[in-house]
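So the structure is just underneath, and the comments pick up after that.
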Amino acid sequence: MKQDFLKYQAQTSPHPLVLEVSHAKGSYIYDTKGNAHLDFVAGVSACSLGHCHPKVVTAIQEQTETYMHVMVYGEYVQQPAVAYTKLLASLLPDSLETTYMVNSGTEAVEGAIKLARRATGRSQLLAARHAYHGNTMGSLSLMGYEERKSAFRPLLPDVGFIEFNNEDDLKKITRKTAGVILETIQGGAGFIEPKNGYLKKVRQRCNETGTLLILDEIQPGFGRTGKLFAFEHYDCVPDILVIGKGMASGLPVGAFTASQKLMATLQDSPKLGHITTFGGNPVIAAACLATLKEITETQLISQTLIKEALVRKLLQHRLIKEIRGKGLMLALILENAEIANHLVLTCAKKGLILFWLLFEPKAVRISPPLTISTDEIESGCGIILEVLEGYKQ
């Protein structure tokens with residue numbers, strides 16, 4: 001199977017990890033040799049409730065037996081998507097009331113920037129340096145790493161950049177700016193949090209210039225930081241909220257949410273301002289609904305901060321220079337990239353799944369399922385410490 005994978009399935013890097021998966025359950029992925037691998041990554045923050053959570057599986061099974069795809073997005077009334085978007089609206093600020101469901105986080109970003117341009121009549125978009133919002137052409141245009149973009153130019157025009165947490169750069173937001181898009185917590189750059197009321201100051205500047213603020217919560221959303229959405233930590237409500245990853249506990253999905261008035265601008269002039277065949281798919285919407293209910297009707301969100309404290313307490317080692325992030329969106333910052341690579345690859349051999357961050361070579365991701373147990377955290381952290389202690393410089 002490994003050889004067929006390498007021959008017939010397109011690759012994204014020269015050296016994939018090639019773990020041959022048999023099945024997954026809870027906090028573990030099992031390979032075809034019967035070995036259990038403790039998952040400290042959760043599909044890069046996607047499997048909020050772990051693998052094959054019974055309530056999500058039941059919701060999917062029941063929906064597949066009722067109906068699956070019936071019509072392109074926005075034409076038929078389908079109970080799972082209606083129930084999901086209604087529940088989501090009840091948990092968000094009043095201005096974030098209408099949700100457009102799509103197929104992935106990057107498509108949600110595409111929809112959000114189209115909405116910002118359509119609603120304001122302006123063209124300029126501002127993103128943060130070292131940002132990551134996806135890899136489709138519009139999202140790629142917002143990426144703050146030229147070496148990742150140069151091979152695909154020309155990209156979207158009239159895109160500029162500001163430095164995250166740099167208040168002096170806020171003057172770049174003007175009455176020509178349609179939208180400012182920021183990750184609430186920068187992901188690929190190293191899980192960098194906003195400081196000194198930065199997001200509130202961005203919000204104020206956007207208000208002054210009539211610019212729409214788009215917050216990308218694709219990674220930190222759905223309880224991962226100890227709030228349902230990370231913007232709740234920073235007293236800043238966006239005009240457009242972009243979500244994805246952990247929405248459906250492992251199924252492909254994304255969405256963007258705004259006011260009903262703002263979202264209505266995609267309905268006319270032109271009609272079909274944003275369309276998708278499979279957005280709001282009833283099976284995926286059922287998984288979203290089951291996931292959101294489980295996250296918000298249990299103690300998972302509050303437990304996330306307790307679990308963060310445990311990780312920080314356990315992972316004290318001379319080679320760990322810093323632990324960034326919040327909740328179960330954490331990054332170990334090692335002395336150098338060599339140690340980070342050694343940690344990820346050696347832990348993989350010992351049955352612990354870790355992963356890198358896109359743009360910070362010294363970082364190692366820790367983003368386990370929200371359902372991970374205390375014993376599992378202690379076990380995984382023990383493996384990390386054992387590997388670091390055995391590292392020969």
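All figures in this text were calculated on a predicted structure; none of them were measured in a lab.
R203 and D239 are joined by a salt bridge, as a carboxylate oxygen and a charged side-chain nitrogen come within less than 4.0 angstrom of each other. A salt bridge links E335 to K321: at least one charged side-chain nitrogen sits closer than 4.0 Å to a carboxylate oxygen. At a threshold of 4.0 Å, the pair E167-R205 does not count as salt-bridged, since none of the basic side-chain nitrogens sits closer than that to a carboxylate oxygen. Between E389 and R318, at least one side-chain nitrogen of the basic residue sits less than 4.0 Å from a carboxylate oxygen of the acidic one, meeting the salt-bridge criterion. Contact check on R117 versus D158 returns no salt bridge, with no Lys/Arg side-chain nitrogen under 4.0 Å from an Asp/Glu carboxylate oxygen.
F5 places a side-chain heavy atom less than 4.5 Å from the side chain of V18. Side-chain atoms of H130 and F164, non-hydrogen and from C-beta on, never get closer than 4.5 Å to each other.
One finds the CG atom of L332 at 11.0 Å from the CG atom of L319 (value rounded to the nearest 0.5 Å). Distance check, rounded to the nearest 0.5 Å: NZ of K25 to SG of C52 gives 6.0 Å. The distance from atom NZ of K149 to atom CE of M143, rounded to the nearest 0.5 Å, is 8.0 Å.
Between the side chain of S379 and the backbone N or O of D375, no donor-acceptor pair lies under 3.5 Å. In this structure a side-chain-to-backbone donor-acceptor pair under 3.5 Å is present from T304 to L300. Here the side chain of T211 pairs a donor or acceptor atom with the backbone of T177 at under 3.5 angstrom.
With 3.5 Å as the limit, one finds a donor-acceptor pair spanning the side chains of S139 and T106. Using modelled atom types, one finds a donor on one side chain and an acceptor on the other under 3.5 Å when comparing Y234 with E193.
Hydrophobic clustering of Ile, Leu, Val, Met, Phe, Trp and Tyr side chains at less than 4.5 Å, counting indirect connections, keeps F152 apart from V109.
Ring orientation note: the planes of Y30 and H23 are close to parallel, at an angle under 30° on the 30°/60° scale.
In this structure, Q260 places its CD atom where only 12 or fewer heavy-atom neighbours from other residues, nucleotides or ligands lie under 6.0 Å away.
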